[in-house]
Amino acid sequence: MTLCFGIMEVLSIFSLIAAVMLTTSSVTVGAVVNVSLLEFVLGGKRDYTRWELSGPVFDIGFQELQRDYGGTLNFTQVRFFNLTYTSCWNLGEMPVLWASENYYNDPSNSTVRAIFGTGCPVSTDTLSDLAREWNIPYMIPMVGGPGDKSRFPTITSLAPLTWTDMHRNASVITRLMVANNWTSVGYLCSSTGPSYECRLRFDQHSEFRVNKRIYQFNLDSESVDNIKFALDTMKAQTNVIVIVAFKNLIRSIMMAAAELGMTNGDYVFYAFDYYDAPIGESLPLGTRPWMIDGLNDHEEEAKLAYRSLFVVSLANVKTPEHDRFSQDVKSLAARQYNYTYSENENINPFAMSEYYAMKILGVVLNETVTIDGVAAASDGAGLSKRMWNRTYNILGRQIVLDENGDRVADWVVNQLDPGGNAFRPVLQWNTGMKMFMPVIEEDGSSRQISWYNRSSAPPDRPFRVSSTDTGYQIPTDAIAIGCSAMAIILIVALILVVVYRKTIWNKLRPSGSEIASVPFANEE
């Protein structure tokens, strides 16, 4: 049975939590466990978890759960949304009210529940508290959320990326630095758009730095002069620059770098392209990131500059199953949600994570009821623990959850191909070996990185460190220089004090006021 909480016309607090039945599916005959799927989505046209993107994915996932497990589980779909709540800011804590009303309206608490959404940090944190208190699974489609699973044992993150998912507390850039023996890196952050993401990446990278120098430079404006000033400052500190910005600004930065002579092979740039679908103002970089509508007047110069750029992205594995699913989602979105996907637009990756969450919940619930009995289905912590540290094959893709209940992303590093036609993967993250590995060609050979104007990676800016290998270490040369300077300063200060005191004394003492010597008795 499908219930939707449509709240487009809000007259009172009761209308916010009144359920309006929109569609009804046939109730499965012979089901032994009632499962209520609580779905929280946003309205509007910008957010990546908005209802017109997440809704079709939820609907198809729900239909498949009924089809696959109808003999054991009776699923009910309960959706909460308000088209006037177009952002996380104005949604606020409303999901907490809706979830509480749903939960406490069942005095016997006979229904197994699971929460999906919202993708908003504030409501996610509070819903996490409720999920822990009620002991029900909460599948979040976002990065972050409660990280301490000892305190939140029912939270599972299906976000398509987590910044610290690479073998526990090591970032993508950290791994690339280790692979290329680099010890310094600079983050160039846009003042708009993904500025929060830049601070998050920088802070988390800095938190786990070991003998690394990590710099951050925030662009106050996106003018060419300001970009050049930032690059000119950074190149004196590091040869490795991470750009955190939207597509258009990345192009401006690379063009400015070319004018400053920083695309000759001595410097290397990294940018991130998490999404193969538009997310707000963020456009996917694609295979030809230098190609931007209205900015193609210097196409060849831009293409040449992009030879020094690597693009880190999520692996986009194409399978027949995924292609069919995508077509079904697009068709349903057009028919029932008044949303038409553009020609090259892919399914939103955060919406996809909701689908993966539903499929994983179905697998684990069915296993639990079959193996441990009906009562075990009400143990949210037990269900979550059974989900974690496993690999699931969904739509021909490998979806991996680590032992902490976080999805492990499949990272790839892309580079412009030797012919200069398009970016292609050259490195891929190997989850089992915890390292980047070369992409294998069809003939079995390894695809090699082509360092522009060089036979190997650009040189590092080395510095000596102390012998200990943990924690952030200050270079020993810097320590020696600092100590010597301090000693010299102290000595000079002491001399100045003595001289100054002597000078003052001589000025204050009256002329001829010398004290006559008094002979001792035995000297007479």
Side-chain angles (χ1 to χ4, degrees), residues 172-173 176-177 180 182-195 197-198 201-202 205 213-273 282-292 294-313 413-418 420-423 426 449-461:
V172 180
I173 298 300
L176 292 170
M177 290 176 69
N180 293 291
W182 292 323
T183 57
S184 65
V185 62
Y187 283 76
L188 183 56
C189 304
S190 167
S191 59
T192 59
S195 57
E197 291 186 18
C198 192
R201 297 170 195 159
F202 175 80
H205 190 174
R213 291 180 299 175
I214 307 172
Y215 308 97
Q216 181 180 8
F217 198 101
N218 297 312
L219 289 172
D220 296 328
S221 72
E222 298 179 3
S223 67
V224 174
D225 289 341
N226 197 50
I227 292 171
K228 287 183 178 180
F229 175 78
L231 290 172
D232 205 40
T233 303
M234 297 184 76
K235 75 177 185 179
Q237 299 170 323
T238 180
N239 290 355
V240 184
I241 298 175
V242 179
I243 303 172
V244 185
F246 288 149
K247 183 176 182 177
N248 289 18
L249 182 55
I250 291 174
R251 188 182 193 273
S252 299
I253 291 172
M254 294 307 300
M255 294 296 285
E259 291 186 35
L260 293 173
M262 297 177 66
T263 57
N264 60 357
D266 291 338
Y267 300 86
V268 61
F269 297 82
Y270 286 93
F272 288 88
D273 187 25
S282 176
L283 299 175
L285 297 184
T287 58
R288 297 183 179 183
W290 67 89
M291 299 284 289
I292 298 177
L295 293 177
N296 295 328
D297 48 339
H298 299 286
E299 180 179 337
E300 291 304 317
E301 293 93 328
K303 186 190 299 185
L304 187 62
Y306 273 62
R307 287 191 177 277
S308 297
L309 176 71
F310 290 86
V311 175
V312 181
S313 65
V413 179
N414 304 272
Q415 182 189 31
L416 194 61
D417 63 36
N421 299 312
F423 272 69
V426 289
I449 292 178
S450 176
W451 300 101
Y452 184 62
N453 268 352
R454 310 184 62 87
S455 58
S456 60
D460 185 35
R461 299 288 178 87

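All values derive from a computational prediction rather than experimental measurement. Just so you know, residue 1 is the first one in the sequence shown, and it goes up from there.
- Between the OG atom in Ser308 and the CG atom in Asn264 there is a gap of 7.0 Å [rounded to 0.5 Å].
- Using a cut-off of 4.0 Å between Lys/Arg side-chain N and Asp/Glu carboxylate O, Lys247 and Asp273 are scored as not salt-bridged.
- At least one side-chain heavy atom of Ile250 sits under 4.5 Å from a side-chain heavy atom of Tyr306.
- In this structure, CG on Leu416 lies 7.5 Å from CG on Asn421, to the nearest 0.5 angstrom.
- With contacts defined as side-chain heavy-atom distances shorter than 4.5 Å, the pair Ile243/Met254 qualifies.
- The OH atom of Tyr187 lies 10.0 Å from the CE atom of Met234; values are rounded to the nearest 0.5 Å.
- Val312 approaches Tyr270 most closely through the heavy-atom pair CG2-CD2, 4.1 Å.
- Across every non-hydrogen atom of Ser221 and Asn226, the tightest pair is O-ND2, 2.8 Å.
- The two atoms that bring Leu219 and Ile227 nearest to each other are CD2-CA, 4.0 Å, heavy atoms only.
- Asn180 places no side-chain N or O within 3.5 Å of a backbone atom of Trp182 that could act as its donor or acceptor partner.
- The nearest pair of heavy atoms linking Leu260 to Lys235 is O-NZ, 3.7 Å.
- Pro458 places none of its side-chain heavy atoms less than 4.5 Å from the side chain of Tyr267.
- Taken to the nearest 0.5 Å, the CG atom of Asn248 stands 9.0 Å off from the CZ atom of Arg251.
- Thr263 places none of its side-chain heavy atoms less than 4.5 Å from the side chain of Leu304.
- The OH atom of Tyr215 lies 12.5 Å from the OG1 atom of Thr233; values are rounded to the nearest 0.5 Å.
- Of all the heavy atoms in Ser184 and Asn239, the pair that sits closest is OG-N, 4.5 Å.
- Rounding to the nearest 0.5 angstrom, the gap separating the CG atom in Leu249 from the CG atom in Leu188 is 7.5 Å.
- Contact annotation: the side chain of Val242 approaches that of Phe272 to within less than 4.5 Å [non-hydrogen atoms, C-beta and beyond].
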- May I have the step-by-step check of side chain to side chain contact (heavy atoms under 4.5 Å, CB included) for Met262 and Ile241, ending in yes or no? CA-CA 11 Å; Met262 297 177 66; Ile241 298 175; 3.7 Å; yes
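- Between the Asn414 side chain and the Phe423 main chain, no donor and acceptor come within less than 3.5 Å of each other.
- Scanning both residues, Gln415 and Val426, for their nearest heavy atoms gives OE1-CG1, 3.9 Å.
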